[in-house]
Protein chains: 2
Amino acid sequence: MDPACSCELCELRGLFFESLKKEYADLICSGKVEKAFKQGETIIKEGTHIKDFVYLKSGLVKLYRRDDNGREQIISIAKPFDYVSLLSVFSTDRYNYSVTALEDSVTCNLNMDDIRTIIKQNGNLALNLLQKMSVLADTLILDSLEIRKKHLRGRVAFLLLRFANEIYFSNEFELPLSRKEMAEYVGMTTENVIRSLSEFRKDGILKIYGKTIQIVNMETLRSISEFG
Amino acid sequence: MDPACSCELCELRGLFFESLKKEYADLICSGKVEKAFKQGETIIKEGTHIKDFVYLKSGLVKLYRRDDNGREQIISIAKPFDYVSLLSVFSTDRYNYSVTALEDSVTCNLNMDDIRTIIKQNGNLALNLLQKMSVLADTLILDSLEIRKKHLRGRVAFLLLRFANEIYFSNEFELPLSRKEMAEYVGMTTENVIRSLSEFRKDGILKIYGKTIQIVNMETLRSISEFG
DNA sequence: ATAACGATATGATAATTATCATGGCATGAT
DNA sequence: ATCATGCCATGATAATTATCATATCGTTAT
């Protein structure tokens, strides 16, 4: 094995390498490129030719599209272990969304041709990928339906709960999104995101210090998210 | 080859069998079950254990979820060649949506364990499935974003165009959905679907005879869908 | 035949949400 | 320093959409 290849130590290796024989793992590993991105930097640009299979080692990124009027629509927030390029990567040769870093992030890029070659010879990897892609697609679709059926306050509550419980695992966190981006995520206007946050603050559900949010009353927030 | 197995003649065989060696194709083929459903019948019920890999030979079906308030949300309309169970099938052991027939339909059900076994030994099939799943997921997500950014009239126009141009390939067709179901698909109320249709009729864009729709002015409908 | 029901349809009104205007407060550029 | 710019914030108003009430029509059950 290539001694310069540290994939065996990578905290993500299980996702990929658990299903691969050593020789294949080495091929992937030696072909990989790690890239670091600062907050705000573009990782993938919509319309770009797909060459790499990208996953996120650390940080936080947003996937989004720009519509005809130049407005952005955020598709999802991806955290480490998520396969950033997974959706488009097998369906087309160009990305149909962009990805930018919400926090300083590190990606690991694997060569797409290598991946294809290995899949053809390795059924376990294929099943593994099918499963991950299936989970991802399911999640995105269910989230989308979930958000759609809520009122504005419920959408903002939903987002805050997501950050608290599934990303930062804390009642207090710094929002990685601007108010505008939150609006782009849940399909409402910036003003109404701000208004909802202000109302939550006035009702004693949150404390807000700029981008830092402290959830004071998790239960109420939860019931607003479910319907209130 | 099993002489009773007519998969070689199936119009769908290309989707599956083009990537399989004969021996595997025979295994799949002899394990398949074809099922016929009348309009309105349930094909898959949310929460049910997944045993089969289902695809649609003929007809038209809706995929939908029931939310906590008992309301239905339609995820998509699937037409022949679509892999009805594709989304959940690799991610979980239970369906998280239901499928019912909008028209008389025939499905072909393959044994999921067989599929898994064969994928492990057949990389081309795996890549083929990955690609199809990727396309499907992409489409669902982009459609969802597309619908979300439109006003109500635009959503109804979008739906009508979809039926005319991608399903029935005609300016005149019989709606496979009730007004209520159209509303559940695009996230609006039944009354407003009806109102939009009535307005299109008054404006001379459509002729409506119950469930039969004739699109008189395709261009106007298209511009309403895009934004108007 | 008649009653009951669900789908279609329309209007009036209420609720929700977007848009527009304005101002404060940071931050970075000149 | 001050200027411009991009968030954040709030209020007033307009637009959009949902809800409620009511009626018709067709179908099915009795």
Side-chain angles (χ1 to χ4, degrees), chain A residues 38-40 62 67 69-74 100 102 147-160 174-203 206-214 224-225 227-228, chain B residues 38-40 62 67 69-74 100 102 147-160 174-203 206-214 224-225 227-228:
Chain A
K38 288 217 181 304
Q39 182 180 359
K62 64 170 177 178
D67 75 11
N69 306 332
R71 272 186 290 242
E72 286 180 8
Q73 290 183 292
I74 293 183
T100 78
L102 295 172
I147 287 170
R148 184 176 93 180
K149 78 182 181 202
K150 292 181 196 304
H151 287 178
L152 299 197
R153 284 161 52 92
R155 294 181 191 183
V156 174
F158 175 84
L159 254 190
L160 295 175
E174 192 178 324
L175 275 173
L177 299 177
S178 67
R179 315 295 198 251
K180 180 157 171 284
E181 287 172 315
M182 291 177 68
E184 288 165 349
Y185 194 0
V186 295
M188 49 192 283
T189 44
T190 308
E191 291 95 321
N192 282 329
V193 168
I194 292 169
R195 259 185 273 269
S196 297
L197 287 173
S198 298
E199 284 171 29
F200 293 161
R201 177 174 42 74
K202 283 173 197 156
D203 294 346
L206 302 179
K207 291 187 178 168
I208 304 179
Y209 319 94
K211 283 211 185 311
T212 301
I213 300 285
Q214 183 192 348
I224 291 172
S225 171
F227 198 95
Chain B
K38 288 217 181 304
Q39 183 179 357
K62 64 170 176 177
D67 75 10
N69 306 331
R71 272 186 293 241
E72 287 181 8
Q73 290 183 293
I74 293 184
T100 77
L102 295 172
I147 288 170
R148 185 177 92 179
K149 76 182 181 200
K150 291 182 197 302
H151 285 177
L152 299 195
R153 285 162 51 91
R155 293 181 192 183
V156 175
F158 175 85
L159 253 191
L160 295 174
E174 191 177 325
L175 275 174
L177 299 178
S178 68
R179 315 295 197 251
K180 180 156 171 286
E181 286 172 316
M182 290 177 67
E184 288 164 351
Y185 194 0
V186 295
M188 50 193 281
T189 47
T190 309
E191 292 96 321
N192 281 329
V193 168
I194 292 169
R195 258 185 273 270
S196 297
L197 287 172
S198 299
E199 284 170 28
F200 293 161
R201 176 173 44 70
K202 284 173 194 155
D203 295 345
L206 302 178
K207 290 187 177 169
I208 304 179
Y209 318 95
K211 282 210 183 315
T212 301
I213 299 285
Q214 184 193 346
I224 290 171
S225 172
F227 198 98

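Letters A, B, ... mirror the listed sequences (proteins, then strands); counts begin at 1.
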Contacts of type side chain to side chain donor-acceptor pair (under 3.5 Å), residue A/Thr189, not counting sequence neighbours: A/Asn192
Which is it for B/Leu197 and B/Leu160 under the side chain to side chain contact (heavy atoms under 4.5 Å, CB included) test, yes or no, and what are the steps along the way? CA-CA 10 Å; B/Leu197 287 172; B/Leu160 295 174; 4.0 Å; yes
Quick test of your reading: applying salt bridge (Lys or Arg N to Asp or Glu O under 4.0 Å), list the pairs with at least one residue in residues 184-197 of chain B, sequence neighbours left out, ordered by first then second residue. B/Lys180-B/Glu184
Identify all pairs in which a protein N or O lies below 3.5 Å from an N or O of nucleotides 5-8 of chain C, and state each distance.
{"unit_1": "C/dT8", "atom_1": "OP1", "unit_2": "B/Lys211", "atom_2": "NZ", "d": "2.8"}
{"unit_1": "C/dT8", "atom_1": "OP2", "unit_2": "B/Arg179", "atom_2": "N", "d": "3.0"}

Boundaries of the DNA chain D segment in contact with chain B, non-hydrogen, under 4.0 Å: D/dT17 to D/dC20
Applying side chain to side chain contact (heavy atoms under 4.5 Å, CB included) to B/Leu159 and not counting sequence neighbours gives B/Phe163, B/Met182, B/Tyr185, B/Val186
Specify the angle, to 10°, made by the local axes at the two ends of the helix from C/dA1-D/dT30 to C/dT30-D/dA1 when five pairs are taken at each end.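 For the helix from C/dA1-D/dT30 to C/dT30-D/dA1, the axes at either end differ by 30°.
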Would you sort out whether A/Leu175 and A/Thr212 count as a side chain to side chain contact (heavy atoms under 4.5 Å, CB included), showing the intermediate values? CA-CA 6 Å; A/Leu175 275 173; A/Thr212 301; over 6 Å; no
Select base, sugar-phosphate, or nothing to describe what B/Arg155 touches, counting heavy atoms under 4.0 Å on all strands.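 Answer is nothing: B/Arg155 stays at 4.0 Å or more from every strand.
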Backbone N or O of B/Lys150 within a donor-acceptor pair of the B/Arg155 side chain at under 3.5 Å?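 Present.
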Who are the salt bridge (charged side-chain N to carboxylate O under 4.0 Å, His left out) partners of [X], not counting sequence neighbours?
X        : answer
B/Lys207 : none
B/Glu199 : B/Arg153
B/Lys62  : B/Glu72, B/Glu181
B/Lys211 : none

